[in-house]
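Each ligand, and each atom within it, is numbered from 1 in the order the structure gives. Every heavy atom of this structure was used, including side-chain atoms; hydrogens, water molecules and symmetry mates were not.
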Amino acid sequence: MFEVLPELTADPILGLMTDFKNDTDTRKVDLGAGVYKNENGHTPIMNAVTKAQQIWLAREDSKVYSAPAGSPSFNDAIIELALGSQHSAIAEQRVANVQTPGGCGALRVAANMLKRCSQNSKVWVSTPTWANHIPLLASAGLELVEYSYYDSQQHILDFDAMISDLSQLNTGDIVLLHACCHNPSGADLNPEQWRALAELLNTKGAIPYIDMAYLGLGDGINEDAYGLRYLAEHCPELIVAISCSKNFGLYRERVGSIMVAAANSKDAQTCKSQLLNVAREIYSMPPSYGAALVDIILNDAALKHNWSDELIHMRKRISSLREQLCERLTFAGAGDRFDYIVNEKGMFSFLGLTVEQVKRLKQEHHIYMVDSSRINIAGLSTNNMDYTVESIMSVL
Ligand code: LMR
């Protein structure tokens, strides 16, 4: 029976990790998957996580099932991290969430719930968006429509085009937004644009669905959460898929949360029951280990402080790499072509190269990036910067 199945090529982002691993050239540079790396190209375990692991090891006394919704104290802590402790939606008790296997688990659980809400609603996604958004949402049976977002000629967020496309929203449509550090462009909405967007969504009766995978890696936790917090206050209904992969460095532990801010506490409870029901259909309940670590960190003032300092260090390193890359490219003769990279946020920016140029970088220079020429800025370092710049210039 299995012979009817075609063999598929590897995922365009995850496949790069394998290709990079198998490359034996010592000059190789990994600018592929969105993973934080230090100066030595290593993704370290954060110190706060190491300490939390020791605490958890001493504390955990059973491997019995946890709970379908995951850890209640993790769930509360993650709501507070996302919305801030004083948010009106929390006071109004209209927020519900469940722990999920990573941000992908969160996105998918909500997608299945949305499909149950309406057969006709469309999900609007930015052009471009994270490549995996499309199969994740479409395979839940949702119809996707694209809205303009990034102008790849001028390297800016084209807000007018975005608003113009979204003016075609119908009541009950869903708009997928990136809370911060837009993946793949690095171009984020500013506060004024978030406010204008909230007004449009409310006028149209559309629902924001926010993917928040990079909180703290743009401008800081409060700054990065501005749009989410504003929308949660001003829109009657909202969904947030949260990932702890990047900002806690817990990639392989699969820690995430799906959160709904509903019109009232009764609807929030109903949504929670639906999310749990969907989760049971797919994977029953989330893994506990990584979420236990996040729970320990967020509920211990000293550890939370350590973690936040480490996150600040990661963010500052990424923005310094942005500046260095841009400076070196200019110095190497690229003029102001790459200046936009300094103003973009988070791990990603486009280099604006053709697929052919990306292929040459991989084959001739052992530099790995997604075909769209999206690079993971955090994969750069003082060790590989000159080589990377030289190689980019040679394919231009
Ligand atoms: C990325 O966009 O590179 C990351 O989110 C990793 C992934 O799963 O695609």
Between Trp130 and His133, how do the two ring planes meet: parallel, tilted or perpendicular, split at 30° and 60°? perpendicular

Parallel, tilted or perpendicular, judged at 30° and 60°: which one describes the rings of Phe338 and Tyr340?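 Answer is tilted, since the angle falls between 30° and 60°.
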
Same cluster or not: are Val175 and Tyr150 linked, directly or through other Ile, Leu, Val, Met, Phe, Trp or Tyr residues, by side-chain heavy atoms under 4.5 angstrom apart?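 Yes, one cluster joins them.
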
Check whether Asp211 reaches the backbone of His178 with its side chain - one donor and one acceptor, N or O, closer than 3.5 Å.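 Checking the backbone N and O of His178 against the side chain of Asp211, no donor-acceptor pair under 3.5 Å is found.
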
Work out whether the distance between some heavy atom of [X] and some atom of ligand 1 is less than 4.0 Å.
{"X": "Asn132", "answer": "no"}
{"X": "Met347", "answer": "no"}
{"X": "Tyr251", "answer": "no"}

For Lys362, run the salt bridge (charged side-chain N to carboxylate O under 4.0 Å, His left out) check against Asp25, Asp19, Asp371 and tell me which one passes.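 The option that passes is Asp19.
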
What part of Asn183, side chain from CB on, backbone N/CA/C/O, both or neither, has a heavy atom under 4.0 Å from ligand 1?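 Asn183 to ligand 1: side-chain contact only, backbone stays beyond 4.0 Å.
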
What part of Lys246 sits under 4.0 Å from ligand 1 if we count only heavy atoms: the side chain, the backbone, both or neither? side chain

Gly34 to ligand 1: N or O pair under 3.5 Å?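 Yes - when backbone and side-chain N and O of Gly34 are compared with those of ligand 1, one distance drops under 3.5 Å.
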
Could you list which atoms of ligand 1 come closer than 4.0 Å to a heavy atom of Ala33? 3 (O)

Identity and distance of the protein heavy atom lying nearest atom 8 (O) of ligand 1: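 Of the protein heavy atoms, Trp130 CZ2, 3.6 Å lies nearest.
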
By ring pair (Phe, Tyr, Trp, His ring centres under 6.0 Å), which residues pair with Phe74, not counting sequence neighbours? none

